[in-house]
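Note sheet for the following structure.
Just so it is clear, the structure is predicted and the values come from calculations on it, not from any experiment. We name chains A, B, ... by the order of the sequence lines, and we start the count at 1 in each one.
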Number of protein chains: 2
Amino acid sequence: MRPGGGRGARCRRMVRPGHWGVRARVERFSEPALLLLLRERATHGYELLEALPALTGEARVDMGNLYRVLRALEEDGLVTSRWESGDPGPAKRIYELTEQGRRLLDEWAAALLRSRDRLDTFLQRYEGG
Amino acid sequence: MRPGGGRGARCRRMVRPGHWGVRARVERFSEPALLLLLRERATHGYELLEALPALTGEARVDMGNLYRVLRALEEDGLVTSRWESGDPGPAKRIYELTEQGRRLLDEWAAALLRSRDRLDTFLQRYEGG
DNA sequence: TATCACATGTGTGTTTTACATGTAGGAAGG
DNA sequence: CCTTCCTACATGTAAAACACACATGTGATA
């Protein structure tokens with residue numbers, strides 16, 4: 001328990017001792033990333049996992065959570081899936097973007113644009129001071 | 001319990017029914033925002049609370065969490081505080097940025113810059129498709 | 001036959017955020 | 001004097017998002 005090494009009250013994701021880990025990630029960013037990848041081409045989870053870092057920077061998405069997100073997307077009709085064996089190796093579950101998922105991607109893009117503008121505002125104010 | 005109204009498995013912050021709430025916020029963004037405001041001028045929590053929305057867009061920061069963040073910052077020597085009465089109204093706890101806090105702000109700015117670039121990459125790939 | 005890479009998952013704890021509530025000083029009005 | 005409101009600071013707790021560990025099975029290859 002307590003992998004961080006047992007500090008007292010509030011240990012905020014330390015990278016080095018006495019050093020707050022600051023990564024500035026966008027919440028649930030793997031979600032729009034998945035939708036974008038699936039817009040480009042229907043494919044399966046493991047491949048998405050390998051394609052994600054190019055979009056997210058360093059954030060290699062956790063496998064377990066990736067599959068959970070994919071199934072959540074499917075539950076809400078944003079993607080569909082079908083099993084595909086035949087190729088060498090284990091069966092793959094191929095995900096495809098639906099029209100609804102496409103719309104969600106558009107919303108994400110709009111939100112990410114706003115987010116980028118907020119960051120610009122912040123950074124300008126930072127540099128100006 | 002379950003204020004959202006008892007949906008099944010995975011309710012992902014719905015804004016309207018059948019509609020995923022997509023806000024694309026940066027994690028812990030209130031933290032660099034606080035540090036930036038305090039770099040400009042030492043002040044107290046309640047005033048920071050009112051100044052924050054201008055930086056964060058819509059995200060009016062939750063009061064309770066704001067004060068918790070401030071005390072966490074203080075615990076790690078990133079800000080200092082002193083009580084100040086004398087003015088009308090209840091006593092205020094005035095926070096001031098330390099040199100260490102200033103350095104943390106610089107790190108945040110670097111991380112936020114990377115984050116902005118990632119968003120640009122994403123958005124370009126989005127528009128290109 | 002043991003091991004490795006591919007592929008899909010579940011379990012569970014930690015961190016971060018959201019929502020509700022509590023305490024208290026002082027001004028304004030009845 | 002009593003109530004109500006605004007300021008200001010704070011705690012309690014549940015939900016959401018995330019990280020880490022592990023389980024399962026296929027097929028290739030050493």
Pairs under 3.5 Å (N/O, protein and nucleotides 1-10 of chain C):
| residue | atom | partner | partner atom | Å |
| --- | --- | --- | --- | --- |
| dA7(C) | OP1 | K92(A) | NZ | 2.8 |
| dT8(C) | OP1 | R93(A) | N | 2.6 |
| dT8(C) | OP2 | G45(A) | N | 3.3 |
| dT8(C) | OP2 | Y46(A) | N | 2.7 |
| dT8(C) | OP2 | Y67(A) | OH | 3.0 |
| dG9(C) | OP1 | R93(A) | NH1 | 2.9 |
| dG9(C) | OP2 | R93(A) | NH1 | 3.2 |
| dT10(C) | OP2 | R71(A) | NH1 | 3.0 |
| dT10(C) | OP2 | R71(A) | NH2 | 2.6 |

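- Each of R93(B), K92(B), R41(B) was compared with E47(B) under the salt bridge (charged side-chain N to carboxylate O under 4.0 Å, His left out) criterion, and only R41(B) meets it.
- Between L52(B) atom CG and dT17(C) atom P the separation is 13 Å, expressed in whole Å.
- In this structure, the CG atom of L48(B) is 9 Å from the P atom of dC9(D), given to the nearest Å.
- With hydrogens and angles disregarded, a donor-acceptor distance shorter than 3.5 Å links the side chain of D62(A) to the backbone of G64(A).
- Minimum interatomic distance between L34(B) and L52(B) (heavy atoms only, all atoms of both residues): CD2-CD1, 4.1 Å.
- Rounded to a whole Å, the CG atom of L73(B) is 13 Å from the P atom of dA10(D).
- If you measure from atom CD of E27(A) to atom C1' of dA18(C), you get 12 Å, rounded to the nearest angstrom.
- Taking the charged nitrogens against the carboxylate oxygens, E96(A) and R82(A) do have a contact shorter than 4.0 Å, which makes a salt bridge.
- Listed for the S115(A) side chain is no donor-acceptor partner under 3.5 Å among the backbone atoms of A111(A).
- Checked by atom type and distance alone, the side chain of E74(A) pairs as donor or acceptor with a backbone atom of S81(A) at under 3.5 Å.
- A sub-4.0 Å separation between OP1 or OP2 of dA18(C) and a side-chain N or O of R25(B) is present.
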